[in-house]
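Scroll down for the structure; my scribbles are underneath it.
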2 protein chains.
Amino acid sequence: MEKHTIPYKIYLEEKEMPKQWYNVRADMKKKPAPLLNPATLQPVTAEELSRVFCKELVKQELDENTAYFDIPEEILNFYRMYRPSPLVRAYCLEEKLQTPAEIYYKFEGNNTSGSHKLNSAIAQAYYAKQEGLKGVTTETGAGQWGTALSMACSYFDLDCQVYMVKCSYEQKPFRREVMRTYGARVTPSPSMETNIGRKMNEEFPGTTGSLGCAISEAVEAATSQEGYRYVLGSVLAQVLLHQSVIGLETKIALDKYGIKPDMVIGCAGGGSNLGGLISPFAGEMLRGEAQYQLIAVEPASCPSLTRGSYVYDFCDTGKVCPLQKMYTLGSSFIPSASHAGGLRYHGMSSIVSELYDQGLMEARSVEQTAVFEAAQYFARIEGILPAPESSHAIRVAMDEALKCKETGEKKTIVFGLTGTGYFDMYAYQNYNDGKMGDYVPTDEEITKALKNLPQCNGF
Amino acid sequence: MEKHTIPYKIYLEEKEMPKQWYNVRADMKKKPAPLLNPATLQPVTAEELSRVFCKELVKQELDENTAYFDIPEEILNFYRMYRPSPLVRAYCLEEKLQTPAEIYYKFEGNNTSGSHKLNSAIAQAYYAKQEGLKGVTTETGAGQWGTALSMACSYFDLDCQVYMVKCSYEQKPFRREVMRTYGARVTPSPSMETNIGRKMNEEFPGTTGSLGCAISEAVEAATSQEGYRYVLGSVLAQVLLHQSVIGLETKIALDKYGIKPDMVIGCAGGGSNLGGLISPFAGEMLRGEAQYQLIAVEPASCPSLTRGSYVYDFCDTGKVCPLQKMYTLGSSFIPSASHAGGLRYHGMSSIVSELYDQGLMEARSVEQTAVFEAAQYFARIEGILPAPESSHAIRVAMDEALKCKETGEKKTIVFGLTGTGYFDMYAYQNYNDGKMGDYVPTDEEITKALKNLPQCNGF
């Protein structure tokens, strides 16, 4: 291990950082299906979307053909505070596993939000500021997105209103305090501040809330206040566009050292990290320039790609957002209370869904205890305490490395380590105490949830 | 801000990383006073120290003349997983403050222990492993040192027993779980496992413990188990030696871009971070090669340098460790319950004390609310949520930058950002809620505590 030509951590120089985001849709012959207006079941227009989202972001959302978007200088300046993120060669893990495989991970956790979410938060805050808005609203479950958005808004002096699912608000007071430290107003959802919140509190006294309800509250708050728009941290095409910075940096770092990966692995909830990581690789495949094994890893408790259907569905349980064609378990599917809050989403980014449907990507599901076993193993060897979400990718990367050990193949494995687990210690405690279980939904549960799909004939 | 020749973050290349630690005592004409055996009041011998500490570490502790120690390859390999740490140019902070000063900070928080403590923990674990020990024991208050040691021991497959002050054990369950995730056995102190612990529990039923008692328990546990030694995270000369890697990297990074700092600022509790950061700069001053303004920043609630006496004192309240000549408030001084747990130490590293006494360094004390004001300001501008301890240095760096704004001087300010505040959100909550107060001990309190010093005539 003493002599190696590739450093432990590949840091790009500032001048090597990408100056543009990459829109993988531009290289897709068959594009993802359009978003539909839930009222008219017709493709949403820019005008309709602009009531909820910033104009520039609507443009990005609807543009299927522009391959590259310039990253504004102000965003680049912010990126320079915490990017480029390192591409780490997992020498210690390789040695411990005694595998001939070479393992790399792109680590997105070295910023205060603790995850890749900041890449899109700063972009969305920037465009809101450019449009002259007073502020933005959003929802947060586990809290990573809310934290990232708070940081971004604080940087641009924008008001930030976060509706945090009440049970998280109460169980994760530290996440809440980070957001408050960055000046955000954090409201437990359902609140008494919105119509939908009051209705929920009346109908279900003592409810601890849901992500679906928090989304509805945030959208209502955005559309009912002058100078506010709603922002979302995953699923949307604009978010994948911003997150392409992960994959682009990874590609530049690999190219710099002449490394060609055999497989690229990412965890998948709404698809923002995975989509961002694999975009440039998928682009090469779409253009016929290269071949990679791209693997999405999802929790067995919420297996939208591996067990869902590719249909139009509601993006939120409140049914206020546009309909999207995606791999989904049905918007009424309630994932079990797993510890990977960031992956508990019934659907999947339409871009990721379409790439998967076209066979450019494969998907695996892994169970929670196996994930935490990998998380702990990784923490002890590589030093970084990973987020439960990220650990899904670690699990499959380790499994693949162990397969190489059996076959003797010297594959090059790249995976995305999206974030750190410092605010997930309840989950680790559960695992340390041997109290963690696994939950896999039955076929009946999935079939039942898929019965309540919207009727979108013609699309 | 768009055009700059110095990047936002200066990362050394792996090959530029220091291969040796620097022992500043070698360049001091007047050396720090020797450690004394508390029973005999004579200088401790290597043999006496070896009952408690690893042999190689005892050598480092007692060696005043060797300027450079090779860093073993195994430790370098571990360093390469999270080092070099970035030297960050605080462009955003400079712009926001509208100061002509140039501000840099050396950021040691990008590792799972969340602080610089890992630099010495891995060294101490390595030498314990080399000596063929089964494990090590230690105490932890705020939890950073315990976390760092757990990580280091897990890497070298060493048993790690941490005595955690009971009130922290209960109030910081997440810190405890990080340690457990790394395989450490964490025992609330006072425990029923040691004589001193049982005695304390009997004498003071329901006591929530103290650092002094936890040290005594850890030392007892080390000396009463075959194959165990005790390790300490600050104060000692060996710890400052390991922490010199901070200052050495800083110096190399500055030299690489031809930057000459006017001042170097660090927070000071036991002195490990400060000593490590300033060592190479103090060395140049001692050799007459350069002049810098070196500034230690301590909490007004625990002002050992600014209001203590330079005398021999007990290092621990349990009075089992060697006596040390240092700036101290008296080992019976009880600092108020401030939120910078890592700075609540009655004394100071003997090396730092001697440098201060020789006039090579100055010291300032700052109050808690002013520190958190700076912490929040910094977090919002530079993105990083700082530890309360580190924020003491931020406060003074900002004050100095604001002075430059008044005078128009273009000074170059370097400060140490020792760690992140992710596990300090109770403190931030207190500040966010406007409930934080300041506490400054009276002259009478300090005079009283200084009456109980050991009698060390002749030294």
Side-chain angles (χ1 to χ4, degrees), chain A residues 1-2 4 7-9 11 13-15 73-74 76-84 86 88 90-92 109-114 118 150-151 154-155 173-178 180-183 375-376 379-386 420-429 431-433, chain B residues 1-2 4 7-9 11 13-15 73-74 76-84 86 88 90-92 109-114 118 147 150-151 154-155 173-178 180-183 375-376 379-385 420-429 431-433:
Chain A
M1 211 155 72
E2 280 93 48
H4 54 266
Y8 277 65
K9 298 185 297 308
Y11 275 110
E13 287 177 49
E14 215 165 85
K15 59 180 184 235
E73 190 59 32
E74 290 86 343
L76 281 176
N77 280 338
F78 189 87
Y79 278 174
R80 286 180 187 123
M81 284 203 289
Y82 72 100
R83 308 200 68 83
V88 186
Y91 282 114
C92 296
N110 269 353
N111 69 74
T112 288
S113 83
L118 199 51
S150 305
M151 291 175 67
S154 141
Y155 184 76
F174 294 162
R175 271 279 182 211
R176 182 187 76 206
E177 287 308 321
V178 178
R180 286 184 69 208
T181 299
Y182 281 93
Q376 192 192 62
R380 292 185 181 187
I381 303 306
E382 287 285 319
I384 297 167
L385 187 81
T420 50
Y422 306 140
F423 292 93
D424 298 287
M425 294 318 297
Y426 270 131
Y428 275 96
Q429 181 171 4
Y431 179 75
N432 292 336
D433 291 342
Chain B
M1 208 153 73
E2 280 93 47
H4 54 266
Y8 277 65
K9 297 185 298 307
Y11 276 110
E13 287 176 48
E14 216 165 84
K15 59 178 184 235
E73 191 59 33
E74 290 85 343
L76 281 176
N77 280 339
F78 189 87
Y79 277 174
R80 287 181 186 121
M81 284 202 289
Y82 72 99
R83 307 200 67 83
V88 186
Y91 282 114
C92 295
N110 270 353
N111 69 75
T112 289
S113 83
L118 199 52
T147 308
S150 305
M151 291 175 66
S154 140
Y155 184 76
F174 295 161
R175 271 281 181 211
R176 183 187 75 208
E177 287 308 320
V178 178
R180 286 183 68 208
T181 299
Y182 281 93
Q376 191 192 62
R380 292 184 181 187
I381 303 307
E382 287 285 320
I384 297 168
L385 187 80
T420 51
Y422 306 140
F423 291 94
D424 298 288
M425 294 317 296
Y426 270 131
Y428 275 96
Q429 181 170 5
Y431 180 75
N432 292 336
D433 291 341

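Here is how names work: the chains are called A, B, and so on, in the same order as the sequence lines, proteins then strands, and each is numbered from 1.
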Legend entry - Under 3.5 Å: donor-acceptor pair, side chain of A:Lys9, backbone of B:Glu14: no

Inset, instruction - Measure A:Ile381 against the heavy atoms of chain B and call it side chain, backbone, both or neither at under 4.5 Å. - result: backbone

Inset, instruction - Against chain A, work out which of B:Thr181, B:Asp433, B:Leu385 has the most heavy-atom pairs shorter than 4.5 Å and name it. - result: B:Thr181

Legend entry - Heavy-atom pair with the smallest gap, counting every atom of B:Ser154 and A:Arg380: OG-CB, 3.1 Å

Legend entry - Interchain contact, B:Asn111 with chain A, by part (heavy-atom threshold 4.5 Å): backbone

Legend entry - Verdict with supporting geometry, A:Met81 and B:Val88, side-chain contact (heavy atoms from CB on, under 4.5 Å): CA-CA 8 Å; A:Met81 284 203 289; B:Val88 186; over 6 Å; no

Inset, instruction - Using the six-membered ring wherever Trp is involved, compare the ring planes of A:Phe174 and B:Phe174 and label them parallel, tilted or perpendicular (cut-offs 30° and 60°). - result: perpendicular

Inset, instruction - Kindly give the heavy-atom pair with the smallest separation between B:Asn77 and A:Tyr8, and that separation in Å. - result: OD1-OH, 3.2 Å

Legend entry - Leading residue by heavy atom contact count with chain A [cutoff under 4.5 Å; candidates B:Gly421, B:Ala375, B:Gly183]: B:Gly183

Inset, instruction - Determine, step by step, whether A:Tyr422 and B:Thr112 satisfy the side-chain contact (heavy atoms from CB on, under 4.5 Å) criterion, reporting the C-alpha distance in whole Å, the side-chain angles of both residues, the deciding distance to 0.1 Å, and the verdict. - result: CA-CA 8 Å; A:Tyr422 306 140; B:Thr112 289; 3.7 Å; yes

Inset, instruction - Tell me, out of A:Arg175, A:Arg176, A:Glu13, A:Arg180, who's got the most heavy-atom pairs with chain B below 4.5 Å. - result: A:Arg180

Legend entry - Atom group of B:Phe423 that falls short of 4.5 Å from chain A, counting heavy atoms: side chain

Legend entry - Closest contact, heavy atoms only, B:Asn432 versus A:Glu177: ND2-OE1, 2.9 Å

Inset, instruction - Mind listing the closest non-hydrogen atom pair of B:Ile384 and A:Tyr182 along with its distance? - result: C-OH, 3.8 Å

Legend entry - Verdict with reasoning, A:Tyr155 to B:Cys92, per side-chain contact (heavy atoms from CB on, under 4.5 Å): CA-CA 9 Å; A:Tyr155 184 76; B:Cys92 295; 3.6 Å; yes

Inset, instruction - Just give me the residue among A:Leu76, A:Asp424, A:Val178 that pairs up with chain B most often, heavy atom to heavy atom, under 4.5 Å. - result: A:Val178

Legend entry - Under 4.5 Å from any heavy atom of chain B - which part of A:Thr420: neither

